[in-house]
Amino acid sequence: MQYVRPKRFTINPICFSMRCLWDISTPHMEGAKHEINRKSIEERQQMDELSRIRHSCAHVLATAVLRIWPEAKLDIGPPTDEGFYYDFDLEHRFTPDDFEKIEAEMKKVVKENQTFDYSEKSREEAKEYYQTINQPFKLERIDDIPEGEQITFYQNGEFLDLCAGPHVPRTGNVKAFKLLRLAAAYYRGNENNPQLQRIYGTAFKNKTQLSDWLEKHEEAKKRDHRKIGREQGLFTISPTVGQGLILWMPKGAIVRTELQNFMQSELLQRGYNPVFTPHIGSIDLYKKSGHFPYYKDSQYPTIKADEHEEYLLKPMNCPHHIQIFAAERHSYRELPVRLAEFGTVYRYEQSGELSGMTRVRGLTQDDAHLFCTQEQVECEIRDTVDLTLKTLRTLGLNNYRVQVSLRDPDSDKYTGDLSNWNAAEETLSRVAKDMEIIHENVPGEAAFYGPKLDFMVKDCLGRDWQLGTVQLDYNLPERFDLQYIGSDNAPHRPVMIHRAPFGSFERFMGILIEHFAGNFPLWLAPEQVRILPITANQNDYGHKIFDELKAAGFRTSIDLSGEKIGAKIRSAETAKVHTMFIVGQKELESESISIRIHGKGDQGSKTVPEAISSLKTHISERIL
RNA sequence: GCCAGUGUAGCUCAGCUGGUAGAGCAGCUCAUUCGUAAUGAGCAGGUCACCGGUUCGAAUCCGGUCUCUGGCUCCA
C-alpha cells in the first residue's frame, strides 16, 4: 500500500506564465459533487489579482536583495497558494535578522512606484544578456522555454527579469507584504543539484487582509495536533523510544479504538474477512513482491536471523495477505475475497520528514486487499470509494480533494505491462467520473504496481496529506502467480485492490485532532460525561448518577475536589470534556441533572433517564 | 539526508554586556461548601537538552552531538 505526501506547492518551474500556473493551482474542491465548483469563477478572478500582486512582490523582493547583495544569483520567484517565494544563490547566509533590512529595501522599491514594463528578446539576446550579467540559473532557464515560444521579460526600475507575467502595473500596487521564513530548496527540485536559499513571503491587496491572514495563521497554530495532543494527553513521542514512533496515551487510545470499531463494523457489513499477520516477513517475500528494491532506501535495517534467514520489519501488509489468499484454492464463486487487517507497518522515513502524527516511522493502516475477477473490479472499486467517502462524511471531513495518481510515462520505476496499466488507469478514471467525484489526474504519483485514487486533506497549516486510498493492482497477482478456478474449470488471474479508508490511524488521528481542534464529538470523546457536584453535600447523589452512567457504558468521571463550581466547570471545559452534569441541592431534590455542553454552555435540566437516552442517541448516530 | 532556526520546572515564558535561576498555570497540603470558565494560604518542583572547550567563574561565549520547528528532497 503506497502512502504519499505530494509536494506542497506544485509549481512546474518551466511554467513561467500565469496561464500555466492556472492549470496547476486550481482551487480545491469543497466536496464530492461537480456542481459545487460553480462559485469558484469569482474566486478565481480574485485569486488571479492576488497572484499578480504576489508575483510582483516576488520581483520586488529580488530587486531589494540585488540592491543589498548585487552578487546574488537568481533562480525563479513564482506566486504560491499562500504567498510567493524567490530562490537565490548567495555566499551570504540569510538569517531572519536580514528580513528587516530586506523588507525596508522592498518598501523603498514600492515607494518608488516603478512600472512593470513588458519586453521581448530573441533567444540569443536573452542568453547574451544573462551571460553578460552572470546569472547562470536564468541562463539555463531560457533553455526550458520551448522553441517558437516568445521569450518575455518584465522590468521594474533597474531590475529586468525573465518572466511571462502578468504583473500589477506598478510596484506601488504591492501594498501589504511580509517575509515569512527561510528555507533551502534544491535547484530544479533535484537533490543532486546545489541548494538555493529560498525566501518565502506573502502579500495581500491591503494591510487589513494581511493582518487578518497573519492572525488566522496564528489561530491555526493553536489547532496543531502536536500541541493539542500534548495538552489533552492524547499521544506522546519519546526520543528514548525513537523518533517518529507514536505512543498512544489512554485518551488517544480511546479515540483510536472508537475509530477502529466504526471501521470494523463497516467492514463486516461489507463482506470483509478480518485476518492477522506478523510484524516481520522474510526478505524473500519482499523480493518476490518487488517491494524490496523500491523500499530499500526507507527501511529499517534487515534482521539477520542466521546465515540464510533475513527478515524485514514489514513496510506493508500486501505480501502477507497475498500468502493468505494463496494458501487455499479459490473458485470464482468465492470471489471477491476481501482480507482486512489493522496492520502495523514500519518505514524508516528521513529524519527531516517526520512530523507529529502525520509523518511517522511506525503506522497502523486500516488495510485490506480484495481479490476479484476482472468483471468485479469496477463494482469493488465503487464500494471501496463509497466506504472512503462515508468515512470522511462521518467525521465531517468535507474539505478533501481527490487525486487520481497515474504513472509517469517517462519513468521506468513501474512494474507490469502497459496494457494492464492503461486498463487500470482507465478504470479508476471512469469510476471517479461515474461517481461524480471531482478529481485531478496527477502523473507520477502512482504506486509502482498500479494507479491510485487518493483522498487528500489539508492540515491546519495548509499542508496536504493523503488519507484514504484505493489502489488497483494487476501486478502483484502476476508476480505471485495467484489463481482462481473459473466457470470454465480453468485457472485465471485475479485482480487485486488495495485500500485504506483512513490511510493510517496515526495520520488520520493527527488530521482529526486539528479538524475538531481537540473537541471530539460525543462518540469519540475520551471523557464523555463529567459529574460536577456543587458542594460535597451532593457527592453521594453524584456518585449514584456516576454508577448509572458507568452501567450504561459511558466514559465518565466525577469531580470530588473541594473547588467552587465555577472552577470545576472551568477545569472540565479546559479538559474538553464533552458533557457536564451539574448537580446541586435543586437537582438532588428533583432527581435531575443540569446539563452543560463543552463550548455551548448551559443546556437546562433533565431527568437522568432522559439525559441518558439523549446521549445514547448522539452516540449511536455519531452526531458531530 | 540537506538548509536555517530552536532547546531554561509538567506547560507557557522571564533571565541586560559571563558572578552560580525566576514568574504564571498545572501538581501537592490545609482552610473554604460555594449554582454554569479561575476561593485563599502554604509547599514542592530545574545537572538551564547533552558532551567538551575558554574563563577565577558559563544558562549566558566557542566547538561538537541530539531533539524539536519551518522548508527542500524523498516516500511502497
Side-chain angles (χ1 to χ4, degrees), chain A residues 1-9 85 87 93-98 180-200 221 224 226-227 230-231 233 237-240 243 286 289-299 314-319 345 347-356 359 361 365 413 445-450 452 461 463 466 469 471 473 476 498 532-539 561-575 580 582-587 594-605:
Chain A
M1 174 93 46
Q2 188 175 6
Y3 157 81
V4 297
R5 181 199 149 187
K7 294 167 189 77
R8 182 167 181 184
F9 301 116
Y85 66 82
D87 285 348
R93 294 272 139 211
F94 293 130
T95 70
D97 296 337
D98 291 331
L180 297 173
R181 52 183 168 262
L182 287 166
Y186 297 104
Y187 176 54
R188 290 176 182 277
N190 183 334
E191 66 177 324
N192 299 315
N193 287 342
Q195 276 198 337
L196 307 176
Q197 299 190 70
R198 176 171 296 178
I199 297 179
Y200 279 102
K221 279 193 201 161
D224 192 315
R226 292 165 295 197
K227 183 176 158 69
R230 183 177 56 234
E231 286 167 356
I237 299 169
S238 156
T240 317
Q243 286 183 76
Y286 292 100
S289 71
H291 284 107
F292 188 62
Y294 291 92
Y295 171 70
K296 227 159 83 186
D297 291 339
S298 53
Q299 67 181 31
K314 75 174 169 189
M316 65 282 303
N317 304 302
C318 15
V345 299
R347 301 169 180 189
Y348 193 77
E349 306 287 2
Q350 296 192 78
S351 61
E353 262 304 337
L354 299 174
S355 174
R359 189 74 188 267
R361 285 182 173 164
Q365 298 174 322
K413 74 166 188 174
E445 290 291 336
F448 75 88
Y449 48 73
K452 312 185 289 169
L461 297 176
R463 293 174 291 206
Q466 176 203 312
T469 181
Q471 312 179 356
D473 178 7
L476 292 183
H498 311 233
L532 312 179
I534 288 176
T535 74
N537 295 328
Q538 293 88 39
N539 281 358
S561 69
E563 295 295 337
K564 287 165 64 171
I565 190 63
K568 288 186 182 183
I569 286 170
R570 187 183 145 76
S571 132
E573 289 281 353
T574 318
M580 286 150 267
I582 296 166
V583 290
Q585 202 53 32
K586 216 162 62 190
E587 286 76 15
S594 171
I595 301 174
R596 184 187 165 100
I597 293 181
H598 170 63
K600 293 189 183 146
D602 195 348
Q603 305 288 305
S605 58

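Quick note on labels: first sequence line is chain A, next is B, and so on, each numbered from 1.
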[X] [atom1] - [N] [atom2] separation (whole Å):
{"X": "A/Gln350", "N": "B/rG1", "atom1": "CD", "atom2": "P", "value": "8 Å"}
{"X": "A/Arg361", "N": "B/rC68", "atom1": "CZ", "atom2": "C1'", "value": "14 Å"}
{"X": "A/Asn192", "N": "B/rC72", "atom1": "CG", "atom2": "C1'", "value": "13 Å"}
{"X": "A/Leu196", "N": "B/rG71", "atom1": "CG", "atom2": "C1'", "value": "13 Å"}
{"X": "A/Tyr187", "N": "B/rC72", "atom1": "OH", "atom2": "C1'", "value": "16 Å"}
{"X": "A/Gln243", "N": "B/rC68", "atom1": "CD", "atom2": "P", "value": "4 Å"}
{"X": "A/Lys568", "N": "B/rU39", "atom1": "NZ", "atom2": "P", "value": "12 Å"}
{"X": "A/Arg463", "N": "B/rC74", "atom1": "CZ", "atom2": "P", "value": "18 Å"}

Integer angstrom distance from the [atom1] of [N] to that of [M]:
{"N": "B/rU8", "M": "B/rU20", "atom1": "C1'", "result": "14 Å"}
{"N": "B/rU17", "M": "B/rC51", "atom1": "C1'", "result": "27 Å"}
{"N": "B/rU33", "M": "B/rG22", "atom1": "P", "result": "36 Å"}
{"N": "B/rU39", "M": "B/rG52", "atom1": "P", "result": "48 Å"}
{"N": "B/rU36", "M": "B/rG15", "atom1": "C1'", "result": "40 Å"}
{"N": "B/rC56", "M": "B/rG18", "atom1": "C1'", "result": "12 Å"}
{"N": "B/rA49", "M": "B/rG7", "atom1": "C1'", "result": "6 Å"}
{"N": "B/rG63", "M": "B/rC3", "atom1": "P", "result": "16 Å"}

>> Using the side chain to side chain contact (heavy atoms under 4.5 Å, CB included) criterion, which residues pair with A/Thr574? Sequence neighbours excluded.
In response: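 A/Arg570.
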Going by heavy atoms in the side chains, are [X] and [Y] under 4.5 Å from each other?
{"X": "A/Gln471", "Y": "A/Thr469", "answer": "yes"}
{"X": "A/His598", "Y": "A/Glu573", "answer": "yes"}
{"X": "A/Tyr449", "Y": "A/His498", "answer": "yes"}
{"X": "A/Glu349", "Y": "A/Arg359", "answer": "yes"}

Between [options], which nucleotide has the shortest distance from any of its atoms to the side chain of [X]?
{"X": "A/Arg226", "options": "B/rG35, B/rC34, B/rU69", "value": "B/rU69"}
{"X": "A/Leu461", "options": "B/rU33, B/rG70, B/rA37", "value": "B/rG70"}
{"X": "A/Ala184", "options": "B/rG70, B/rC3, B/rG5", "value": "B/rC3"}
{"X": "A/Ile565", "options": "B/rG35, B/rA37, B/rG70", "value": "B/rG35"}
{"X": "A/Ile534", "options": "B/rG71, B/rG35, B/rU33", "value": "B/rG35"}
{"X": "A/Ala567", "options": "B/rU36, B/rU39, B/rU33", "value": "B/rU39"}
{"X": "A/Tyr200", "options": "B/rU33, B/rC72, B/rA37", "value": "B/rC72"}

Any N/O donor-acceptor pair, [X] side-chain to [N] base, under 3.5 Å:
{"X": "A/Glu349", "N": "B/rG1", "answer": "no"}
{"X": "A/Gln195", "N": "B/rC2", "answer": "yes"}
{"X": "A/Tyr186", "N": "B/rG71", "answer": "no"}
{"X": "A/Arg198", "N": "B/rA4", "answer": "no"}

Have a look at [X] and say if it touches a base, only the backbone sugar-phosphate, or nothing, with a 4.0 Å heavy-atom cut-off.
{"X": "A/Leu182", "result": "base"}
{"X": "A/Gly562", "result": "base"}
{"X": "A/Gly290", "result": "nothing"}
{"X": "A/Gln603", "result": "nothing"}
{"X": "A/Lys586", "result": "base"}
{"X": "A/Ala536", "result": "base"}

> Quick one: is A/Arg596 getting a side-chain N or O under 4.0 Å of the B/rG35 phosphate, OP1 or OP2?
Replying inline: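 Result: no.
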> Between A/Ser351 and B/rG1, does any side-chain N or O lie under 4.0 Å from OP1 or OP2?
Replying inline: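 True: A/Ser351 side-chain N/O within range (under 4.0 Å) of B/rG1 OP1/OP2.
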>> Please enumerate all residues that pass salt bridge (Lys or Arg N to Asp or Glu O under 4.0 Å) together with A/Asp87, with sequence neighbours excluded.
In response: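 Testing A/Asp87 for salt bridge (Lys or Arg N to Asp or Glu O under 4.0 Å), a comparison that skips the adjacent residues, returns A/Arg198.
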Should [N] form a Watson-Crick or G-U wobble pair with both distances under 3.5 Å, which nucleotide is its partner?
{"N": "B/rA38", "value": "none"}
{"N": "B/rG27", "value": "B/rC43"}
{"N": "B/rU6", "value": "none"}
{"N": "B/rC56", "value": "B/rG19"}
{"N": "B/rU65", "value": "B/rA49"}
{"N": "B/rC74", "value": "none"}

> Who pairs with A/Gln195 by side chain to side chain donor-acceptor pair (under 3.5 Å), at least two apart in sequence or on another chain?
Replying inline: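 If we apply the side chain to side chain donor-acceptor pair (under 3.5 Å) test to A/Gln195, skipping adjacent residues, the hits are A/Tyr186.
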> Who pairs with A/Lys227 by side chain to side chain donor-acceptor pair (under 3.5 Å), at least two apart in sequence or on another chain?
Replying inline: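 In terms of side chain to side chain donor-acceptor pair (under 3.5 Å), with neighbours along the sequence ignored, A/Lys227 is linked to A/Glu231.
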>> Using modelled atom types and a 3.5 Å cut-off, is there a donor and acceptor pairing between side-chain atoms of A/Gln197 and backbone atoms of A/Phe94?
In response: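 Yes, the answer is positive, given that a donor and an acceptor are paired below the 3.5 Å cut-off.
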> Can you tell me if A/Lys568 uses its side chain to pair, donor with acceptor, with the backbone of A/Pro533 under 3.5 Å?
Replying inline: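 Side chain of A/Lys568 to backbone of A/Pro533, a donor-acceptor pair under 3.5 Å: yes, one is there.
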>> Both A/Gly584 and A/Gln197 contact RNA chain B. Taking the nearest nucleotide for each, which residue is further toward the 5' end?
In response: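 Its nearest nucleotide being more 5', the pick is A/Gln197.
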>> Nearest heavy atom decides the nucleotide; on that basis, is A/Gln585 or A/Glu563 closer to the 5' end of RNA chain B?
In response: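 The residue whose closest nucleotide sits nearer the 5' end is A/Gln585.
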Hey, what are the protein-to-nucleotides 9-13 of chain B N/O distances that come in under 3.5 Å?
unit_1	atom_1	unit_2	atom_2	d
B/rU12	OP1	A/Arg230	NH2	3.1

>> Restricting to ring-ring contact (aromatic ring centres under 6.0 Å, His included), what partner residues turn up for A/Tyr187, sequence neighbours left out?
In response: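 Here the qualifying residues are A/Phe137.
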